[in-house]
> 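Sharing a structure with you now.
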Amino acid sequence: MGSGACGRTRPLSSVTALSRRLHVSVKPPRDPGLSAFRRAARAAIVIPLAFAFADVLLRATQSLVFVMFGCFALLVMSDFGGLRRPRALAYLTATLVGAALVALGTLVSTSTWLPAVVMLLVGFVISFSRIYGGYIAAANLGMLLSFVIAVTIPASPDVIPARVGGWAMAGLFSTAAAVALWPRFERVKTNKLAAKALLAVADLVAGMRPGTGDGDFRRLAEVALEAVKEARQAYAAMAKRPIAPARRDRAFVQLLIELERIVEIIEHPFNEARTAVRPALSEGDQLVASVVAALRDSAGVLKGDAKPDLKAIEVARLQHRAALDRWAAEQLRADRPIDQVLDGLDVDDTLRVVSYVTFTLGRHAVIAGGAKLDVGDAAVDALQAIGTHLGSPSTVLQGSLRVAIGLALAVFVARTLDLSHAFWVVLGTIQVLRSNALGTGRTIVLAVVGNAIGVIVGGLFALLAGNEPALMWIAFPLTVFLAAYAATTIGFMLSQAAFTINLIIVFNLISPAGWQVGLVRIEDLMVGAVISLVVGVLLWPHGARRELARALASVYRSLVAYLDQGFDRVLGFEPATTPGLARKVVVRARDRADAAFDTFITEKGDRAFDQETAAFLLSSANHGILAGDLLGVIAGMGYQAGTCADGARQEREQVRALLASYLNLAGRLDLEPAPEHQARVSLTALRQAELGCLRRWQTDAEVGRGAMAVVMAGEWVQDLTRLEADLEEPVSAAVEAAQKPWWR
């Protein structure tokens with residue numbers, strides 16, 4: 001029943017508390033044991049079978065490494081989820097792309113300097129492609145691995161068919177296994193939970209109308225909140241296992257965000273007094289009915305039913321707006337106290353905000369439910385995503401450059417030093433390179449210790465097994481299982497130990513080399529680790545915590561321009577920025593901040609600036625964008641304060657103070673010194689401006705739309721003022737984290 005950030009009477013701390021409740025699951029939990037067991041068991045069956053098929057039956061020596069690592073890349077590193085058909089298409093597409101990369105890598109592998117140059121380009125393109133999310137992001141490491149294997153094992157072009165054949169064989173085995181062996185249809189579960197949340201929110205919206213008791217309303221709110229949290233947690237558990245193509249995946253995430261926003265808005269209205277005078281309009285009931293129907297139909301579209309009727313919301317909202325104006329005019333003519341009329345307008349304006357968010361939510365539900373995308377729209381979306389993340393600050397751009405430079409340097413060093421297993425040098429770089437220098441250093445220690453354990457255990461096994469291939473074949477699936485299972489359940493160090501044992505066994509099956517191959521593995525890993533550490537220290541060593549602060553500063557700074565435009569239009573002043581342009585700028589900045597947040601949650605944080613605090617800063621920016629959107633809607637409906645110029649000027653002064661406060665927040669996030677003196681928004685002055693315009697409307701009917709424009713703009717000034725107060729502590733935490741040296 002009200003604004004997502006705060007209402008006229010809400011305590012300042014409630015936004016932060018609610019944000020922590022809603023974002024409790026923002027950190028993806030460790031992969032559930034059963035899911036990890038199934039994935040590891042699938043890999044343990046398929047990888048040895050594929051390897052044996054290529055080695056024993058086909059005698060394809062040139063293909064063995066590509067069969068082995070191809071299966072590992074697709075089944076363990078990528079491990080696409082979802083229904084059978086999209087999952088199979090994802091595996092087959094990754095197989096084709098990987099085959100092309102294997103061919104390209106082999107083609108340039110015999111050159112002295114070309115492999116490093118091509119690695120730089122390929123590494124950047126593949127790493128940058130994660131901006132599209134979904135299956136594309138999941139395939140990132142697997143595709144990098146396909147090129148790295150080929151480019152670091154020099155061979156003439158005539159072996160390209162054998163290598164590509166090995167990779168293709170791995171892809172076919174992986175596709176068949178993913179579809180047939182213990183498939184988990186996560187999309188069914190997540191869609192079911194999202195539909196359940198939509199229905200619970202629909203019941204909560206229905207409870208907004210008069211007649212619902214406080215106890216019943218609180219119960220509906222708790223049920224809706226729990227359902228939304230359950231859907232978000234289910235999706236978070238699948239975060240490393242995409243369950244749909246990128247566009248549907250993004251739409252599903254946005255749907256969950258909008259559901260959270262509706263619950264937040266309803267729980268904390270513009271006017272929280274249940275005893276406030278209520279317009280009780282039949283048009284309001286109609287608007288509630290259209291919103292409830294759209295929410296329930298959105299639940300249906302996730303199950304394959306018809307699309308929701310979103311146009312009905314638009315029609316009902318226009319009718320409600322006109323009825324609300326009539327109600328206000330009638331109440332003023334009847335000499336009802338002006339402050340009661342103002343409070344009554346606040347009550348129903350909450351419903352209008354909910355209807356606007358529902359309209360957006362419905363569009364996301366249609367896409368998440370599988371609506372087809374026009375080819376032209378897809379191309380525009382792709383180009384816009386590239387343009388967004390090529391801007392600064394962009395953790396995607398920085399991360400892609402870090403990966404590309406690190407891998408290119410590893411290829412160059414390995415080839416220059418003529419190391420016998422150059423592939424392991426580059427693989428070591430991939431494994432330990434993180435988004436900040438501190439994380440890279442920690443991972444290096446874990447990798448070295450894990451590989452040392454693996455060499456000791458694997459070496460002892462190699463000595464005991466001697467020249468008995470049967471023992472190696474028996475141990476092969478066990479070590480594959482341990483490496484795949486440990487990667488997502490036990491930890492990085494033990495997964496490295498299991499992976500090293502597996503490598504010792506594989507290379508002894510290819511060509512008996514004893515335990516010494518483990519020592520070569522550690523030597524090459526150390527070279528790759530040193531390269532990663534150098535790159536991590538020299539290229540953006542602070543990682544996401546500083547870049548997230550910078551990205552948030554960019555969001556709030558561009559948000560000020562967007563809000564300024566919206567308030568100017570409603571208050572009857574000429575906007576300083578071009579309509580539409582300001583929104584594009586702030587949305588691009590928000591998308592870059594989203595990417596920085598995604599990187600941030602993978603890093604080791606501190607108590608002051610945790611993931612929930614960062615999530616609140618980001619969700620608050622989204623709320624600011626919603627405010628700008630609704631100001632544009634208000635102005636587009638013809639509500640401008642020209643007929644109440646005095647009230648508009650008084651309110652404009654408070655708007656300037658509000659926007660100055662947000663600019664101050666942006667400056668602090670950018671580590672700029674704060675201004676010595678800053679004017680604060682006066683809520684008393686705002687209310688007086690609104691009451692003054694309503695008072696004029698009592699005696700002059702022509703003032704009506706101008707008075708309503710001042711009232712609606714004033715509501716958003718108060719909303720954003722209280723949100724700004726709630727942002728003080730989180731911004732301070734973000735600034736403190738950004739100022740820390742990279743080694744802390």
Side-chain angles (χ1 to χ4, degrees), residues 1-5 7 18 21-22 193-232 254-272 274 276 278-302 305 307-321 323-324 344-366 623 626 630 633:
M1 300 168 54
S3 164
L18 183 63
R21 287 165 59 200
L22 289 175
L193 290 174
K196 176 183 174 184
L198 280 160
L199 294 175
V201 171
D203 292 340
L204 179 59
V205 172
M208 294 175 64
R209 301 311 296 158
T212 304
D214 286 345
D216 290 338
F217 184 79
R218 284 194 296 271
R219 180 184 57 79
L220 290 171
E222 288 299 323
V223 169
L225 180 63
E226 191 60 35
V228 172
K229 285 173 61 178
E230 187 179 2
R232 188 172 179 87
Q254 290 298 319
L255 183 147
L256 295 179
I257 291 172
E258 300 299 350
L259 277 172
E260 289 180 351
R261 184 172 293 156
I262 288 179
V263 175
E264 186 180 356
I265 288 169
I266 294 175
E267 279 203 315
H268 298 280
F270 281 109
N271 191 315
E272 292 189 87
R274 301 279 287 178
R278 295 172 176 276
L281 303 169
S282 61
E283 290 82 358
D285 294 334
Q286 187 176 350
L287 181 55
V288 167
S290 66
V291 170
V292 170
L295 288 168
R296 289 176 177 161
D297 289 345
S298 295
V301 80
L302 293 178
D305 296 340
K307 297 179 181 179
D309 184 5
L310 300 179
K311 290 184 179 179
I313 296 179
E314 288 288 336
V315 173
R317 189 163 57 226
L318 288 172
Q319 293 173 346
H320 178 254
R321 179 75 268 168
L324 200 58
L345 290 171
D346 284 350
V347 170
D348 265 29
D349 274 348
T350 294
L351 172 59
R352 300 183 58 76
V353 177
V354 170
S355 71
Y356 187 88
V357 179
T358 301
F359 185 87
T360 305
L361 181 151
R363 289 185 294 185
H364 291 312
V366 170
H623 180 74
L626 173 64
L630 291 181
V633 170

> Does a side-chain heavy-atom distance below 4.5 Å link E258 with R261?
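Yes, close enough: below the 4.5 Å cut-off.
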
> The test is side-chain contact (heavy atoms from CB on, under 4.5 Å); show your working for H364 and L361 and say whether it passes.
CA-CA 5 Å; H364 291 312; L361 181 151; 5.5 Å; no

> Starting at OG1 of T358, measure out to CG of L259 and round the result to the nearest 0.5 Å.
9.0 Å

> With rounding to the nearest 0.5 angstrom, report the CG to CD1 distance, L198 to I262.
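One finds 8.0 Å between CG of L198 and CD1 of I262.
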
> Output the distance between atom CG (L220) and atom CG (L225), rounded to the nearest 0.5 Å.
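Reported to 0.5 Å precision, the distance equals 12.5 Å.
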
> Start with the C-alpha gap between Y356 and I313, add the side-chain angles, then the distance that decides, and say whether side-chain contact (heavy atoms from CB on, under 4.5 Å) holds.
CA-CA 8 Å; Y356 187 88; I313 296 179; over 6 Å; no

> Check the pair E230 / K196 against salt bridge (Lys or Arg N to Asp or Glu O under 4.0 Å), numbers first and verdict last.
CA-CA 10 Å; E230 187 179 2; K196 176 183 174 184; 3.3 Å; yes

> One pair to check against side-chain contact (heavy atoms from CB on, under 4.5 Å): L204 and F217. What are the steps and the verdict?
CA-CA 7 Å; L204 179 59; F217 184 79; 3.9 Å; yes

> Quick check: closest heavy atoms across A200 and A227, and the distance to 0.1 Å?
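In terms of heavy atoms, the two residues are closest at CB-CB, 4.0 Å.
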
> Answer yes when E283 and R321 have at least one side-chain N-carboxylate O distance shorter than 4.0 Å, and no when they do not.
no

> Charged N to carboxylate O below 4.0 Å: is that the case for K311 and E314?
no

> Show the nearest heavy-atom pair for residues L287 and R317, with the distance to one decimal.
CD1-N, 3.8 Å

> Restricting to non-hydrogen atoms, name the atom on I265 and the atom on V353 that form the minimum distance, rounded to 0.1 Å.
CD1-CG1, 3.7 Å

> Any Lys/Arg nitrogen of R296 or D203 sitting under 4.0 Å from an Asp/Glu carboxylate oxygen of the other?
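Salt bridge: yes.
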
> Test V291 against L295 for side-chain contact (heavy atoms from CB on, under 4.5 Å), laying out the working first.
CA-CA 6 Å; V291 170; L295 288 168; 4.0 Å; yes

> Check A294 against L310 and note the closest heavy-atom contact, atom names and distance.
CB-CD2, 4.3 Å

> Please report the interatomic distance CG(L351) to CE(M208), rounded to the nearest 0.5 Å.
5.0 Å

> Out of curiosity, R232 CZ to L255 CG, how far, rounded to the nearest 0.5 Å?
11.5 Å

> Classify the side-chain pair H320/R352 by whether it contains a donor and acceptor separated by less than 3.5 Å.
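Result is yes, a qualifying pair exists.
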
> Checking E226 now: which residues fulfil side-chain hydrogen bond (donor to acceptor under 3.5 Å, both in side chains) with it, not counting sequence neighbours?
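Counting only residues at least two positions away or on another chain, E226 forms no side-chain hydrogen bond (donor to acceptor under 3.5 Å, both in side chains).
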
> Looking only at non-hydrogen atoms, find the nearest pair between G362 and S298 and report the distance.
CA-OG, 3.6 Å

> For a quick test of reading the model, state the closest non-hydrogen atom pair linking A195 to L302 and the distance between them.
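Residues A195 and L302, closest heavy atoms: N-CD1, 3.9 Å.
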
